[in-house]
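Written out below as structure tokens is the structure these notes cover.
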Amino acid sequence: ADNVAMLLEVADRFNAPRLKRVCMEAIARDWGTFQTSKGLGALAQTALPLLREVDQWCLQRKLTANPGEVIRAANKLNA
């Protein structure tokens with residue numbers, strides 16, 4: 001999960017949409033692990049706009065029930 005978060009950030013930074021999509025799909029497949037990973041906390045510290053995008057993506061795929069759940073989970077990891 002930590003590697004996926006790092007790759008997602010790299011894909012976003014270097015405008016690699018296919019890699020970004022693959023990372024998002026990997027997050028969806030293993031959401032339970034990702035939401036408690038250090039990688040999610042790292043995204044909150046280094047790439048907040050990307051974390052918002054992950055939050056919206058998860059909400060659209062019904063991985064989360066409410067807007068902001070991914071951001072709140074990341075903030076708990078960093079507390």
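Any value given below was found using the heavy atoms of this structure, including those in side chains, with hydrogens, waters and symmetry copies removed. Position 1 is the first residue of the sequence, and the numbers go up from there.
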Specify the closest pair of heavy atoms between [X] and [Y], including all atoms of both residues, with the distance to one decimal.
{"X": "Leu7", "Y": "Cys23", "value": "CB-SG, 3.7 Å"}
{"X": "Ala1", "Y": "Ser37", "value": "CB-CB, 3.6 Å"}
{"X": "Leu40", "Y": "Gln35", "value": "CD2-O, 3.5 Å"}

Between [X] and [Y], is any pair of side-chain heavy atoms under 4.5 Å apart?
{"X": "Phe14", "Y": "Leu19", "result": "no"}
{"X": "Phe34", "Y": "Leu63", "result": "no"}
{"X": "Arg21", "Y": "Arg18", "result": "yes"}
{"X": "Val22", "Y": "Val4", "result": "no"}
{"X": "Glu9", "Y": "Leu43", "result": "yes"}

Atom pair [atom1] ([X]) and [atom2] ([Y]), whose distance is rounded to the nearest 0.5 Å:
{"X": "Trp57", "Y": "Leu50", "atom1": "CH2", "atom2": "CG", "answer": "12.0 Å"}
{"X": "Thr64", "Y": "Gln60", "atom1": "OG1", "atom2": "CD", "answer": "9.5 Å"}
{"X": "Lys76", "Y": "Thr36", "atom1": "NZ", "atom2": "OG1", "answer": "12.0 Å"}

hydrophobic_cluster_shared for [Y] and [X], side chain cutoff 4.5 Å:
{"X": "Met24", "Y": "Val10", "answer": "no"}
{"X": "Trp31", "Y": "Leu51", "answer": "yes"}
{"X": "Leu77", "Y": "Leu8", "answer": "yes"}
{"X": "Ile27", "Y": "Leu48", "answer": "yes"}

Within the side chain of Gln56, is there an N or O that forms a donor-acceptor pair under 3.5 Å with the backbone of Arg52? no
Treating Asp55 as the side-chain partner and Glu69 as the backbone partner, does any N or O pair qualify as donor plus acceptor under 3.5 Å? yes
May I ask you to say whether Asp12 pairs ionically with Lys20, meaning some side-chain N is under 4.0 Å from a carboxylate O? yes
